[in-house]
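Structure record follows, encoded as structure tokens.
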Amino acid sequence: MADQIFEAHRPRLMALSYRMLGSHADAEDAVQDVWLRWRAQDHEMIKDATGWLVRVCSNICLDVLKSARRQRENYVGQWLPEPWLPPEQPEAEKMLIEQDGLGQAYLLMLERLAPVERIALVLHEVFDWTHDDIAPVIERTANNTRQILFRARRKMARENDRDPTPFVAAKACDQSKIEAFINALSLGDVGQLMSQLAPDVIMHSDGGGKASAALNPVYGNDNVARFFAGVWGKRSPDAQICYVTNQRECWLLMYEGDEVVTAISASERDGLLVDVFVHRNPDKLALFAPMIRHKVAVAVPNTKAGI
């Protein structure tokens with residue numbers, strides 16, 4: 001029975017850990033650690049299995065976040081969270097897991113927060129925990145928890161034109177938006193390309209030192225358009241593209257053979273792309289490999305964009 005209880009909670013714990021850590025491998029390790037601690041417990045003494053599991057998982061993630069932050073200081077270029085590719089989950093957990101808070105924009109915004117702030121915000125906004133519930137997890141009082149959440153929300157807002165934090169009120173772009181952007185780029189229609197970008201758009205790219213990518217964020221619709229125009233003309237003639245959608249987030253995948261070489265998603269505000277996320281790190285792109293095996297490539301014009 002204890003094993004069945006844990007397995008019923010595994011998707012919830014995985015989604016929680018991923019929101020906290022932004023890495024599938026780290027999330028899986030955290031959930032495995034929760035499992036080991038669960039197995040060692042006297043389950044008859046645990047009145048609320050959900051609360052116990054979420055609290056233990058949060059504490060484990062808190063420790064991981066402290067060390068992860070130090071590691072990311074040495075990361076080459078920009079760091080982006082891994083794309084969320086969910087495991088199979090029971091129908092009962094589906095609505096919880098599909099709530100907001102799994103996209104690139106939200107997870108990158110969470111990077112601004114201290115570990116305690118991140119834990120508190122996710123538990124409160126995504127999992128709907130009260131201040132009284134969160135307080136013992138982060139070893140604070142309920143009043144302190146309320147103050148921590150207030151500070152966390154303030155930090156989530158973009159402060160100026162050179163602040164790389166994603167726009168807090170943006171929503172994930174659907175396929176039609178990303179497809180229109182790529183079609184304009186493919187046709188060399190730079191005017192149409194720029195008209196789809198917000199004036200304060202930011203391009204975030206992650207190569208991890210293992211693939212070419214912009215080391216710093218690119219700001220503004222003119223600069224972002226020029227960047228894409230430059231790299232699009234250098235793409236391999238063997239490259240193909242397809243679109244995949246996971247948990248409300250659409251990705252354009254560029255692949256050569258069975259290897260994904262680039263993944264692009266975006267968020268929009270008032271119909272314009274305000275944040276564009278470009279993954280080039282092969283370690284993170286490997287997560288997409290199973291998804292392209294049965295995909296049909298989308299034809300795009302071969303015209304090179306020009307400025």
Side-chain angles (χ1 to χ4, degrees), residues 9-37 53-54 56-89 93 96-123 125-127 156 164-166 172 204-211 213 244 246-249 251 253 260 262-265 267 275 277-291:
H9 284 80
R10 184 184 290 275
R12 179 193 296 261
L13 299 175
M14 186 65 188
L16 170 64
S17 299
Y18 172 80
R19 284 181 175 98
M20 302 287 196
L21 306 175
S23 162
H24 286 271
D26 289 344
E28 289 170 357
D29 288 345
V31 172
Q32 181 63 21
D33 200 352
V34 177
W35 162 246
L36 294 175
R37 298 189 190 188
L53 290 167
V54 171
V56 171
C57 186
S58 299
N59 281 320
I60 291 171
C61 290
L62 185 58
D63 292 337
V64 175
L65 278 172
K66 292 175 182 177
S67 61
R69 176 150 298 189
R70 291 192 294 270
Q71 294 172 6
R72 287 171 195 166
E73 291 176 355
N74 298 320
Y75 195 82
V76 178
Q78 304 171 72
W79 179 90
L80 292 179
E82 291 178 357
W84 169 246
L85 302 178
E88 292 296 324
Q89 66 266 0
E93 295 291 337
L96 172 68
I97 293 173
E98 287 183 353
Q99 287 179 1
D100 292 336
L102 289 168
Q104 293 286 289
Y106 187 81
L107 288 167
L108 196 55
M109 284 187 286
L110 290 178
E111 286 296 302
R112 289 182 66 107
L113 307 182
V116 167
E117 294 171 336
R118 185 166 182 161
I119 296 288
L121 191 72
V122 170
L123 288 177
E125 292 196 345
V126 179
F127 289 83
M156 296 281 276
T165 302
H204 317 260
S205 60
D206 180 345
K210 299 180 179 182
V244 298
N246 282 306
Q247 313 302 115
R248 304 178 183 177
E249 193 169 42
W251 289 88
L253 304 182
V260 179
T262 304
I264 300 173
S265 68
S267 56
D275 285 288
F277 307 96
V278 182
H279 276 273
R280 297 274 296 154
N281 186 333
D283 295 338
K284 298 177 182 181
L285 293 175
L287 296 167
F288 283 113
M291 306 181 69

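Across L21 and A30, no two heavy atoms sit closer than the pair CD1-CB, 4.4 Å. The shortest heavy-atom contact between D275 and H204 is OD1-NE2, 2.8 Å. For I119 against M20, the heavy-atom pair with the smallest separation is CD1-SD, 3.2 Å. Here the closest non-hydrogen pair linking C57 and V34 is CA-CG2, 3.6 Å. The minimum heavy-atom distance linking E82 with A25 is given by the pair OE1-N, 4.3 Å. Between A27 and M14, the shortest heavy-atom contact is CB-CE, 3.7 Å.
Side-chain atoms of Y75 and D206, non-hydrogen and from C-beta on, do get closer than 4.5 Å to each other. Using a 4.5 Å heavy-atom threshold, the side chains of S17 and D26 count as separate. Within the 4.5 Å cutoff, no side-chain heavy atoms of M291 are placed close to those of V260. Looking at heavy atoms from C-beta onward, L123 lies in side-chain contact with L16 at the 4.5 angstrom threshold. The side-chain heavy atoms of M156 and L121, taken from C-beta on, include a pair separated by under 4.5 Å. The side-chain heavy atoms of L108 and T165, taken from C-beta on, include no pair separated by under 4.5 Å. Using a 4.5 Å heavy-atom cutoff, the side chains of W251 and Q104 are in contact.
Considering CG of D29 and CD of Q32, their distance stands at 8.0 Å, rounded to 0.5 Å. L53 contributes atom CG, which lies 9.5 Å from atom CZ of R12 (distance to the nearest 0.5 angstrom). Annotation: the span from E28 atom CD to R10 atom CZ amounts to 9.0 Å, rounded to 0.5 Å. The structure places CG of L107 at 11.0 Å from OG of S23, a figure rounded to the nearest 0.5 Å. Between atom CG of residue N281 and atom OG of residue S205 there is a gap of 11.0 Å, rounded to the nearest 0.5 Å.
Side-chain atoms of H279 come within 3.5 Å of backbone N or O of P81 as a donor-acceptor pair. Under the 3.5 Å distance criterion, the side-chain polar atoms of H24 are matched with a main-chain donor or acceptor of P83. Although no hydrogens or angles enter the test, the distance criterion places no donor-acceptor pair under 3.5 Å between the side chain of R19 and the main chain of R118. A donor-acceptor pair is defined here as one N or O able to donate and one able to accept, closer than 3.5 Å; such a pair exists between the side chain of K284 and the backbone of L80.
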